[in-house]
Amino acid sequence: MSNSSSSISQFLLLPFADTRELQLLHFCLFLGIYLAALLGNGLIIITIACDHHLHTPMYFFLLNLSLTDLGCISTTVPKAMANSLWDTRAISYTGYVAQLFFFIFLMTTEFSLLTVMAYDRYAAICHPLHYGTLLGSRACVHMAAAAWATGFLCAVLHTANTFSLPLCHGNAVDQFFCEIPPILKLSCSDAYLREIGLIEVGACLFFGCFVFIVVSYVQIFRAVLRIPLEQGRHKAFSTCLPHLAVVSLLVSTGMFAYLKPPSISSTSLDLMVAVLYSVLPPAVNPLIYSIRNQELKAALKKLIQSVVLQQELCLHATHFPRGLIPASLT
């Protein structure tokens, strides 16, 4: 890294508010969102892992998606909460590098997984007789591993290239978490053009994945509309619409954040849009995937009942001698 970059020991993140009351309100709001994301994604992960009926390609990829959501929101929100609670803006140089790396890693992996999940739905609905062959257990593991590897490679390239740039415009970044554009604004040489080139390559890959998802869903909708029974069409749509909603939320908020006209840009709007694409999707994805998924809701209900029953058995075991536990609890 350059000398000017290494001389910076910390960065100053953009605060959400200047008054103490609003800072505490922001802390409470983010705490609620974070706990909801932890609970929702955690329940999906545990439910899929514990119920063998959900050990299918669709739920395997959903489990991976929930892992990326947990990681993504845990990368940005806790630091923003801590800064609001302790009335500070500082993040260490190492902390900024780490947060940027994990944010790129997890966001790229998430979109890669969403692309793979579109292929899964395409294979299940358009080629049901070959579904087991196209998405066998080995194929699913390879596709998930490819998604994670893609995210890791992109994160390494972008992070290493971004922090090799000389920085000479201070250490204040105009964002509440760590991402690439604010760092490029601090660069003082034309070397940032290398990172712009990498971003353009990444944008092309992103566009390619987006086109693949769109084409997949065009084929899916054509196949669904040919299903004669209304019940069959409803079941097919119920497995596709949550995925389509998650993709739409992520793509629309991300595109608005990076492609909005400079004329409508402002600090408050940029903060709000950043929250929409970095914090909102991990929090609402579990709700989107579970609200119309009867299999997932049934498995979750079964898991909760099992946990409650185990607690009751343990509680009564402390009050009844061995062998005298009521039959209703066994």
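A side-chain donor-acceptor contact under 3.5 Å links Tyr96 to the backbone of Glu179. Checking side-chain atoms of His55 against main-chain N and O of Ile48 turns up a donor-acceptor pair under 3.5 Å. When atom types are taken as modelled, the side chain of Asp87 and the backbone of Arg20 share no donor-acceptor pair closer than 3.5 angstrom. Remark: side-chain polar atoms of Thr47 are not paired, donor with acceptor, to backbone N or O of Ile44 under 3.5 angstrom. A side-chain donor-acceptor contact under 3.5 Å links Ser252 to the backbone of Leu249. No side-chain donor-acceptor contact under 3.5 Å links Thr108 to the backbone of Phe105. A side-chain donor-acceptor contact under 3.5 Å links Thr68 to the backbone of Leu65. Looking only at distances, a side-chain donor or acceptor of Asn64 sits under 3.5 Å from a matching main-chain atom of Phe60. Here the side chain of Thr150 pairs a donor or acceptor atom with the backbone of Ala146 at under 3.5 angstrom.
For the atom pair Leu287 CG and Asn41 CG, the distance stands at 11.0 Å (nearest 0.5 Å). The distance from the OG atom of Ser92 to the CD atom of Gln99 is 10.0 Å, given to the nearest 0.5 Å. The distance from the CG atom of Leu54 to the CG atom of Leu63 is 10.0 Å, given to the nearest 0.5 Å. Residue Glu110 holds its CD atom at 9.5 Å from CE of Met117, rounded to the nearest 0.5 Å. Rounded to the nearest 0.5 angstrom, Ile45 CD1 and Leu67 CG are separated by 4.0 Å. Within the model, atoms OG of Ser290 and CD of Glu295 stand 13.5 Å from one another, a figure rounded to the nearest 0.5 Å.
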One pair to check against side-chain contact (heavy atoms from CB on, under 4.5 Å): Leu106 and Thr75. What are the steps and the verdict? CA-CA 9 Å; Leu106 293 164; Thr75 298; 3.7 Å; yes
With side-chain contact (heavy atoms from CB on, under 4.5 Å) as the test, would you mind laying out the steps for Val116 and Asp120 before giving the verdict? CA-CA 6 Å; Val116 172; Asp120 167 67; 5.7 Å; no
side-chain contact (heavy atoms from CB on, under 4.5 Å) between Phe101 and Val156, worked out: CA-CA 7 Å; Phe101 173 84; Val156 169; 3.7 Å; yes
Step-by-step side-chain contact (heavy atoms from CB on, under 4.5 Å) determination, Ile91 to Phe177: CA-CA 9 Å; Ile91 182 172; Phe177 68 98; over 6 Å; no
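Contact record, Thr88 with Ala90: OG1-N, 3.3 Å, taken as the closest heavy-atom pair. Contact detail for Gly151 and Thr109: the closest heavy-atom pair is CA-OG1, 3.4 Å. Heavy-atom minimum distance, Gly42 versus Leu70: N-CD1, 4.4 Å. Across every non-hydrogen atom of Pro57 and Tyr131, the tightest pair is CB-OH, 3.3 Å. Annotation for Pro282 and Ala37: closest pair O-CB, 3.9 Å, computed over non-hydrogen atoms. Residue Gln10 comes nearest to Asn171 through the heavy atom pair O-ND2, 3.0 Å, listed as atom of the first residue, atom of the second, then distance.
You'll find the ring centres of Tyr59 and His53 outside the 6.0 Å limit. Between His127 and Tyr122, the ring center distance clears the sub-6.0 Å criterion.
A 4.5 Å side-chain heavy-atom check between Ile104 and Leu157 finds every atom pair outside the cut-off. Residues Val173 and Leu12 form no side-chain contact, since every pair of their non-hydrogen atoms from C-beta on lies 4.5 Å or further apart. Ile304 places a side-chain heavy atom less than 4.5 Å from the side chain of Val308. Looking only at side-chain heavy atoms (C-beta outward), Cys178 and Phe103 stay at 4.5 Å or farther from each other. At least one side-chain heavy atom of Tyr289 sits less than 4.5 Å from a side-chain heavy atom of His243. At a threshold of 4.5 Å between non-hydrogen side-chain atoms, the residues Phe163 and Ile183 count as touching. Using a 4.5 Å heavy-atom threshold, the side chains of Met58 and Leu62 count as separate. Side-chain contact between Ile213 and Phe111: present, with at least one pair of heavy atoms (C-beta onward) separated by less than 4.5 Å.
Hydrophobic clustering of Ile, Leu, Val, Met, Phe, Trp and Tyr side chains at less than 4.5 Å, counting indirect connections, keeps Leu113 apart from Leu205. Put simply, Leu25 and Leu280 are part of two different groups of oily side chains (I, L, V, M, F, W, Y) that touch within less than 4.5 Å, one to the next. Under the 4.5 Å side-chain contact rule for hydrophobic residues, Leu29 and Trp86 share a cluster. Criterion: ILVMFWY side-chain heavy atoms under 4.5 Å apart, direct or through other members. Under it, Val218 and Val215 are not part of a common hydrophobic cluster. Linking ILVMFWY residues whenever their side-chain heavy atoms come closer than 4.5 Å, directly or via other members, places Met255 and Met107 in the same cluster.
Sparse packing is recorded around CZ of Phe152, with 12 or fewer heavy atoms of other residues, nucleotides or ligands lying under 6.0 Å away. Surrounding NZ of Lys297 are more than 12 heavy atoms belonging to other residues, nucleotides or ligands, all under 6.0 Å away.
Under the 30°/60° scheme for interplanar angles, the aromatic rings of Phe210 and Phe206 are found to lie parallel.
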